[in-house]
Novice: 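The structure under discussion is supplied below as structure tokens; questions concerning it will follow.
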Amino acid sequence: MSHRTFFFVVLGLVLVSLGLTKAIENEYYFFAGYVILQYIVLATAWNILGGFTGYVNFGSAGFFAAGAYTTVAVVKWVDLPLLALIPLSGIVCGLIGLATGYLTLRLRGVYFAIATLALAIVLETIIANWEHVGGAAGAFVIRPKEVMFFDSYVEFLFWTMSLLAAIAVFAARYIQHSRFGRGLAAIRDDEGVAESMGVPTLKLKLMSTTISGALMGLAGAPFVYYVTYIDPPSAFNLEYAVNAVAMPMIGGPTSWLGPVIGAVLLGGAQQIATVTISSELNLLIVGIMLVVFVIVAPDGIVGLVRRLFSKDPRA
Amino acid sequence: MSDTLLEVREITKRFGGFVALNQVSLVVARGERLGLIGPNGSGKTTLINCIAGALPTDGGSIHFDGFDISGRAAHQRARLGIARSFQIPRPFHSMSNVENLVIPLEYAAGDRHGGNVDAEAREILARVGLSDRADKSCSGLTQVDMRRLELARALAARPTLLIVDEVMAGLAHAEVDEILAILQEINDQGITIVMIEHIMRAVMGFSQRIAVLDAGEKIADGDPESVVGDPRVERAYLGE
Amino acid sequence: MLGGFYASVALGLTLVFGLLNIVNIAHPAFVVLGSFLVYAANAQWGVDPIAMGVILTPLFFLLGMATYSVYHASFEKRDNESLRGLAFFFGLMFIIEVGLILQYGVDYRLVNAPYIGKVINLGSVTLPLRMLVPFCVALVMALGIFLFLSRTYLGRAIRAVAQDQLALQLVAADPVRIKRIAFGIAIATACVAGALLIVINPVEPAAGRVYIGRIFAIVVLGGMGSVRGTVAAAIVLGIVESVTSTIYSPSWAPAVAFGFLLFALAVRPAGLLRR
């Protein structure tokens with residue numbers, strides 16, 4: 001499928017989601033759908049760096065929260081509409097990604113992973129000490145009473161997130177099939193060889209951390225309006241960090257489709273499960289699934305399916 | 001255009017307190033076939049790592065095609081036309097054989113490649129005898145085919161200087177001859193070759209000139225016959 | 001004083017990360033697991049926490065060996081350690097953490113021992129035994145590991161694995177077995193560290209995460225795999241953090257750790273003490 005065709009397919013899905021807001025009355029579906037779409041964005045963002053480039057980011061929750069808090073910080077200062085706030089969050093988180101990459105990517109890859117673990121904690125410390133955005137006590141944000149065209153604000157959030165998911169997935173697919181994406185794959189396979197084959201590895205890695213960080217920021221930006229009350233523990237929830245790793249790994253990290261499958265399956269299951277079992281147990285299951293999948297199916301569900309349909313005896 | 005393609009001027013490389021290369025100089029002429037030999041640990045691979053830019057040097061300078069490339073990153077040197085193969089084959093394991101070649105064609109070769117990258121990759125694979133495996137994964141290759149892929153990938157960078165690091169180690173007699181034939185063909189097209197090799201038969205037959213490293217110093221440099229006859233070279237190999 | 005405890009946690013990691021090149025980010029989680037087992041024994045039977053920590057080491061040793069076996073079979077052998085190996089340990093960390101939450105809840109837990117709460121006075125300096133005892137235990141353990149690595153055949157074999165696997169194979173030692181043992185030892189030290197942790201501070205299941213940045217900073221700054229360097233770096237970090245909490249506020253302590261980590265990364269190859 002060409003990028004052009006794919007673009008129209010994605011656009012079509014966004015329009016369908018718009019139609020859904022008119023067709024379905026029960027608001028619960030939009031709450032649940034929002035979370036799943038948010039995970040599609042987050043998992044896809046993680047995968048651009050993790051799956052495509054081979055650099056593991058354990059601090060997704062930090063980027064997500066930074067996106068959410070950018071919204072809070074700006075709204076407390078000037079009242080901008082959400083659609084204007086989202087790009088700002090993307091820019092801020094892109095810059096955080098770039099800075100993290102710049103500081104750690106010159107060294108061996110694992111240091112990046114370790115630094116991201118610490119980064120989330122440091123960002124949380126900063127936010128908890130920053131009074132402007134509520135500090136440790138948290139902050140309330142009041143939703144606008146009405147939005148044009150939509151029946152309720154939740155429907156609007158749902159549609160916004162579906163738009164963001166469309167952007168993220170389209171970007172990931174575009175990158176995967178581009179010269180840039182092939183360079184990233186070369187870095188993932190063997191960075192030293194990639195460099196000797198003319199791939200400007202540092203530059204590509206920095207681009208990758210920036211794009212990945214920015215997309216995570218996008219996922220976090222509308223969060224405040226979704227929950228209306230935000231505090232550091234809820235924004236920096238480990239759930240985001242774990243799911244952002246687990247979803248692509250379970251879905252299949254080498255393809256754009258993997259994180260989407262992972263997010264829909266895991267995110268969907270979690271939405272159903274939280275109603276019946278505790279959220280801790282729920283996360284425990286995610287953790288176990290992650291471990292089982294990386295051991296048994298290193299290329300995730302996408303890899304399993306490929307193996308079934310492939311004639312290549314190796315694959 | 002001068003006759004000198006590569007000039008290494010007194011480069012030094014230290015690992016901690018260990019001096020791996022001590023003021024080594026080396027000149028390679030355009031179109032030449034140079035053999036680089038020496039006992040294990042004498043610094044051969046370190047030298048080519050320094051030339052290719054994989055390791056920073058601790059002194060001296062490297063000139064390629066008239067430019068001082070000492071401060072350039074490895075990927076920039078690749079773009080200028082220095083390509084290498086690795087001692088232990090390191091293919092991009094998630095990719096098919098063709099895709100392995102697409103990387104250097106798209107990146108290192110820059111505007112030295114024509115329009116159709118895929119066709120060019122297949123043409124290079126055909127030259128090393130891998131065309132029937134073009135779309136297969138590289139992980140199913142035999143040892144000798146792995147070396148072929150390694151060579152093909154270096155060629156896909158469209159180099160003017162090709163450095164091959166023990167590309168024939170561990171191969172059978174007939175396989176060595178096949179690889180040598182491919183290398184000769186590459187050289188006939190005007191590509192300069194620096195070959196590191198332990199198989200004396202191969203390196204003696206192939207090289208026009210041989211340089212010998214021992215314990216980080218160049219101890220001999222000349223035509224194959226005179227180098228073999230050099231008492232210092234004999235000492236380096238047999239010990240004192 | 002805090003540095004001593006940091007050293008006890010970092011020791012295990014420096015073995016695994018520095019010498020075996022395995023990025024076990026679940027290490028602090030193993031420490032917290034140790035804390036909770038010690039807590040359980042202390043609450044149930046009133047066993048001394050540090051004694052319990054030592055008693056539990058064989059169990060943790062086996063746990064570590066088992067973990068390594070799984071890791072080796074799934075990742076090292078298949079030669080795709082980096083991405084998936086990290087995800088594996090991340091998942092493991094998570095399972096331990098959430099498992100503890102399910103068992104014990106998210107509350108802080110603490111232990112009782114005769115020396116907790118007592119202080120000794122050295123001139124003008126007041127030292128709480130709660131800090132001093134763990135400090136001494138940590139130093140003893142560090143010394144033990146140091147002697148083990150430098151004096152025993154097995155210890156030297158572990159260091160040799162780090163240098164050159166092939167050479168070790170040639171002298172008929174099985175690198176996988178040696179690495180398994182080393183990993184076991186590392187996890188066993190985590191158990192003792194866990195006992196120390198709960199003596200120093202009350203512990204909650206997610207406590208491990210707070211230490212990850214610090215511990216890796218120490219290992220890196222300690223020169224990757226050097227016991228002496230690790231202890232030195234741990235003590236330096238302990239001092240820097242205490243000073244920051246006194247001058248600014250304790251809530252900034254994690255940020256210090258991160259700054260320390262970045263600093264460690266910037267000066268990395270050498271570490272504090274050159275090997």
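We name chains A, B, ... by the order of the sequence lines, and we start the count at 1 in each one. As the structure is a computational prediction, the values presented were derived from the model and not from experiment. Scope of the values below: all heavy atoms of this structure, side chains included, with no hydrogens, waters or symmetry mates.
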Novice: Between the side chain of A:T53 and the main-chain N/O of A:R188, is any donor-acceptor distance below 3.5 Å?
Specialist: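 No, A:T53 side chain to A:R188 backbone: no donor-acceptor pair under 3.5 Å.
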
Novice: Of the listed residues (A:V286, A:L290, A:V242), which shares the most heavy-atom pairs with chain C below a 4.5 Å separation?
Specialist: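 Heavy-atom pairs under 4.5 Å are most numerous for A:V242.
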
Novice: Would you say the ring centers of A:Y240 and A:F63 fall short of 6.0 Å from each other?
Specialist: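 Judged by ring-centre distance (under 6.0 Å), A:Y240 and A:F63 do not meet the cut-off.
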
Novice: Pick from C:F88, C:F90, C:F89: which one has the most heavy-atom pairs with chain A under 4.5 Å?
Specialist: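 Maximum pair count with chain A is reached by C:F90.
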
Novice: Do A:T44 and A:N47 have side-chain N/O donor and acceptor atoms under 3.5 Å apart?
Specialist: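 Result is no, nothing qualifies.
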
Novice: What part of C:I95 is in contact with chain A, defined as an atom under 4.5 angstrom from a non-hydrogen atom: side chain, backbone, both or neither?
Specialist: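 For C:I95, backbone and side chain are both near chain A.
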
Novice: Where do A:G252 and A:V302 come nearest, in terms of heavy atoms and distance?
Specialist: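 Nearest heavy atoms, A:G252 then A:V302: CA-CB, 4.3 Å.
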
